[in-house]
Amino acid sequence: MSNSLRAPEPLDWLYRGGSEIFPDQPESDDPHQNIRQRLRQGAKLRVKLGIDPTGSQIHLGHSTIFRKLRAFQDQGHTAVLIIGDFTAQVGDPTGKSEVRRQLTVTEVNQNAATYLEQLRPLLDFDTPGRLEVHYNSTWLTSLDLGQILELLATMTLGQMLAKEGFSERHHQGNPVYLHEFLYPLLQGYDSVAVKADVELGGTDQKFNLAVGRDLQRHFHQEPQFGLLLPILPGLDGVQKMSKSLGNFVALGEDPLTMYSKLEKVPDQVINQYYELLTDYPLDQLPVDPRERQKTLALAVVTQYHGAAVAAAAQASAMALIQGDPSPTDNLPEFGLSGVHFPLKLFYLLRASGLCQSSSEARRQLQGGAVKLDGQRVTDVDLEFATPEQLYHKVVQLGKSHFLKLVP
RNA sequence: GGGUCGGUGCCCGAGUGGUUAAUGGGGGCGGACUGUAAAUCCGCUGGCUAUGCCUACGCUAGUUCGAAUCUAGCCCGGCCCA
């Protein structure tokens with residue numbers, strides 16, 4: 001595969017998803033201004049991607065950029081993954097209308113530990129030389145005040161205020177703390193530390209990636225290329241996919257939940273989902289909108305769980321929609337051994353995590369949202385004397401939350 | 001440091017002594033409809049194994065039969081001045 005570097009002419013893999021590359025001067029022969037020239041020369045690039053472990057879950061919105069990183073890997077380049085264990089404590093102010101809560105060291109470490117596992121289906125971990133993983137605390141914690149001053153002295157207040165977010169917040173009368181100014185500089189310094197040739201990010205990262213170029217130049221390195229991918233809209237079809245908005249699909253979710261969420265992606269954004277989340281030929285998308293959703297869901301679930309499991313999830317989802325919970329092989333399960341009998345149904349809804357509180361569970365029952373084996377239950381005080389009455393029954397909340405009860 | 005305005009439920013935002021988890025909007029969840037979509041209509045939107053008991057309007061004390069609403073101190077923000 002490494003030989004393919006000599007003829008990377010169809011650069012579809014590079015541009016799929018509407019990547020914006022900068023600097024981008026297509027007519028230029030200068031390999032520092034034109035990444036295609038660089039690739040034609042067979043350069044082996046160090047492709048940086050930083051991710052701050054601010055949460056415990058990675059979702060599809062993050063995955064687009066990892067897919068791009070994988071594409072670079074498959075072309076023979078080196079993925080340089082930076083776990084922002086230090087920057088996570090500062091908090092990226094990008095796109096935030098308010099200050100980010102600062103995480104503790106313990107939280108950050110716990111989050112970081114789960115990240116690599118979640119990325120396993122996405123990246124090439126095995127081919128030698130294709131992946132480096134760094135924690136940016138390695139170099140950032142050892143910066144002394146003199147070095148920090150050097151970083152700060154590379155930018156002006158005007159440049160900082162030009163960054164989206166800062167000036168809005170300031171003019172809206174919201175606080176902007178000084179330590180937030182350090183974030184872009186630290187992220188940029190990461191590029192210096194790993195000698196990045198390319199850095200990947202979402203379009204909202206343009207400022208930060210540009211700072212990386214400035215700092216590399218300051219430290220007498222070749223400035224990196226920036227490659228920006230559009231932000232993936234969330235399941236609501238409007239706002240960007242994010243955990244805090246709840247409009248996300250996490251990489252670690254079970255196949256059926258993943259499928260159920262993806263098969264109802266709004267029409268207005270489904271083409272973007274195809275482009276950013278799959279390798280499906282974009283000129284061959286199913287015409288029927290319902291088919292288009294199903295095919296997408298199947299394609300994405302396959303990436304994370306394999307074709308067989310994905311097909312089973314699709315079959316289960318279709319059956320469950322029609323109220324038939326029989327082919328429920330891969331439903332998430334809930335063991336009844338952990339709860340006490342006699343058992344009230346609303347308590348079960350709470351205990352199983354289907355509802356967040358027992359009060360909410362009662363409301364859902366009253367609102368007609370709960371079904372047991374396809375039968376709607378509205379009796380708030382329904383109680384079961386023994387676990388045997390519930391074995392192998394399926395509890396359903398709304399249209400897409402299912403749970404199989406097991407001993 | 002001084003002056004001034006402000007801190008209400010997921011968010012915004014009413015309320016300025018009195019049956020009440022506290023108007024309204026957004027968002028979210030659910031129901032009907034549908035393509036399991038959108039649009040539309042309707043319901044719900046503090047907690048608790050619950051015919052009741054808790055906790056809530058920045059924090060802590062206080063005034064009062066009774067406070068989110070009054071008083072004091074403290075914490076945190078905006079703006080103006082230094």
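First the proteins, then the strands, lettered A, B, ... as listed; each starts at 1. Just so it is clear, the values below take in all heavy atoms, side chains as well, and ignore hydrogens, waters and symmetry mates.
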Item to complete: Would you indicate whether the side-chain heavy atoms of A:L45 and A:T78 approach each other to under 4.5 Å?
Response: no
Worksheet entry | With sequence neighbours excluded, residues passing side chain to side chain contact (heavy atoms under 4.5 Å, CB included) with A:K261 | A:L235, A:V249, A:E253, A:T257
Discussion item. Per the side-chain hydrogen bond (donor to acceptor under 3.5 Å, both in side chains) rule, what does the pair list look like for residues 292-311 of chain A, sequence neighbours excluded?
Written reply: A:R67-A:Q303, A:N271-A:R292, A:R290-A:Q293
Practice prompt. Kindly say whether the aromatic ring centers of A:F86 and A:W139 come within a distance under 6.0 Å.
Written response: no
Worksheet entry | Pairwise C1' distance, B:rG46 and B:rU8 [rounded to whole Å] | 14 Å
Fill in: A:L49 versus A:L200, closest heavy-atom pair with distance
CD1-O, 3.7 Å
Worksheet item: Is a salt bridge present between A:D197 and A:K48, judged by a nitrogen-to-oxygen distance below 4.0 Å?
Response: no
Worksheet item: Going by heavy atoms closer than 4.0 Å, what residues in residues 275-296 of chain A are next to RNA chain B?
Response: A:P289, A:R290, A:Q293
Discussion item. Could you tell me how far B:rG78 sits from B:rG35 if I compare only their C1' atoms? Round to whole Å.
Written reply: 50 Å
Practice prompt. Sort and list the pairs that fulfil ring-ring contact (aromatic ring centres under 6.0 Å, His included) and have at least one residue in residues 352-379 of chain A, not counting sequence neighbours.
Written response: none
Worksheet item: Can you tell me how far C1' of B:rG35 sits from CG of A:L262, to the nearest Å?
Response: 17 Å
Discussion item. Heavy atoms within less than 4.0 Å of RNA chain B: which residues of residues 349-359 of chain A have one? Give them sorted by number.
Written reply: A:R350, A:S357, A:S358, A:S359
Worksheet item: Distance between the P atoms of B:rC74 and B:rG28, in whole angstroms?
Response: 43 Å
Item to complete: Using side chain to side chain contact (heavy atoms under 4.5 Å, CB included) as the criterion, list what pairs up with A:A361, not counting sequence neighbours.
Response: A:F346, A:L349, A:C355
Worksheet entry | Integer-rounded Å distance: B:rU49 C1' and A:F346 CZ | 4 Å
Worksheet item: Rounding to the closest angstrom, what is the interatomic distance between B:rA68 and B:rU16 at atom P?
Response: 15 Å
Worksheet item: With Watson-Crick and G-U wobble geometry limited to distances under 3.5 Å, how should the secondary structure of RNA chain B be encoded in dot-bracket form, using | for bases paired to another strand and [ ] for crossing pairs?
Response: ((((((((.[[[..)..(.....]]]((((((.......))))))(((...)))...[[[[[..)....]]]]]))))))).
Practice prompt. Determine the Euclidean distance between corresponding C1' atoms of B:rG9 and B:rU4; express it in Å to zero decimal places.
Written response: 28 Å
Discussion item. From CD of A:E383 over to C1' of B:rA50, roughly how many Å is that when rounded to an integer?
Written reply: 12 Å
Worksheet item: CD of A:Q366 versus C1' of B:rA50: gap in Å, rounded?
Response: 12 Å
Worksheet item: Any donor-acceptor pair under 3.5 Å linking the side chain of A:N208 with the backbone of A:P184?
Response: no
Item to complete: Name all pairs fulfilling the ring-ring contact (aromatic ring centres under 6.0 Å, His included) condition that reach into residues 204-230 of chain A, sequence neighbours left out, sorted by first residue then second.
Response: A:Y189-A:F219
Worksheet item: Are the side chain of A:Q118 and the backbone N or O of A:I58 linked by a donor-acceptor pair below 3.5 Å?
Response: yes
Discussion item. I want to confirm an ordering. Mapping A:V339 and A:S260 to their closest nucleotides on RNA chain B, which one lands closer to the 5' end?
Written reply: A:S260
Item to complete: Please tell me which of A:V265 and A:L343 maps to the more 5' nucleotide of RNA chain B, matching each residue to the nucleotide holding its nearest heavy atom.
Response: A:V265
Fill in: Chi-based syn or anti call at B:rA50, which uses purine or pyrimidine torsion atoms and a 90° bound
syn
Discussion item. Please tell me if A:Y177 has a side-chain N or O lying less than 4.0 Å from either OP1 or OP2 of B:rG77.
Written reply: yes
Worksheet item: How would nucleotides 29-34 of chain B be written as a contact map, 5' to 3', with B for base contact, S for sugar-phosphate-only contact and - for no contact, using protein heavy atoms under 4.0 Å?
Response: SSSSB-
Worksheet entry | Whole-angstrom distance between B:rA72 and B:rA67, as gauged at atom C1' | 16 Å
Item to complete: In whole angstrom, give me the gap between the C1' atoms of B:rG17 and B:rU63.
Response: 12 Å
Discussion item. If I take atom OH in residue A:Y273 and atom P in nucleotide B:rA37, what distance separates them, rounded to the nearest angstrom?
Written reply: 16 Å
Item to complete: Scan for side-chain hydrogen bond (donor to acceptor under 3.5 Å, both in side chains) pairs involving residues 343-355 of chain A, sequence neighbours excluded, and state none if there are none.
Response: none
Worksheet item: What pairs meet the ring-ring contact (aromatic ring centres under 6.0 Å, His included) rule with one or both residues in residues 232-259 of chain A, with sequence neighbours excluded?
Response: A:H59-A:F248
Discussion item. Before you tell me yes or no, could you show the steps for A:D74 and A:R130 under salt bridge (charged side-chain N to carboxylate O under 4.0 Å, His left out), namely the whole-Å CA-CA distance, both residues' side-chain angles and the distance that decides it to 0.1 Å?
Written reply: CA-CA 9 Å; A:D74 288 344; A:R130 292 277 169 81; 5.3 Å; no
Discussion item. Between A:E222 and A:R217 (salt bridge meaning N to carboxylate O under 4.0 Å), is one present in this structure?
Written reply: no
Worksheet item: Taking CG from A:N247 and C1' from B:rG26, how many angstroms apart are they, rounded to a whole number?
Response: 16 Å
Worksheet item: Taking only N and O in the side chain of A:R362, is any of them less than 4.0 Å away from OP1 or OP2 of B:rU45?
Response: no
Discussion item. For the C1' atoms, the ones on B:rG47 and on B:rC10, what distance do you get once it is rounded to whole angstrom?
Written reply: 16 Å
Discussion item. Can you list everything that forms a side chain to side chain contact (heavy atoms under 4.5 Å, CB included) with A:E20? Sequence neighbours excluded, please.
Written reply: A:K206, A:L228
Fill in: B:rG27 base / A:D236 side chain donor-acceptor hit below 3.5 Å
no
Fill in: Atom-to-atom span, CG of A:D381 to P of B:rG52 - whole angstrom
13 Å
Fill in: Distance in angstrom units between A:K344 NZ and B:rU49 C1', rounded
6 Å
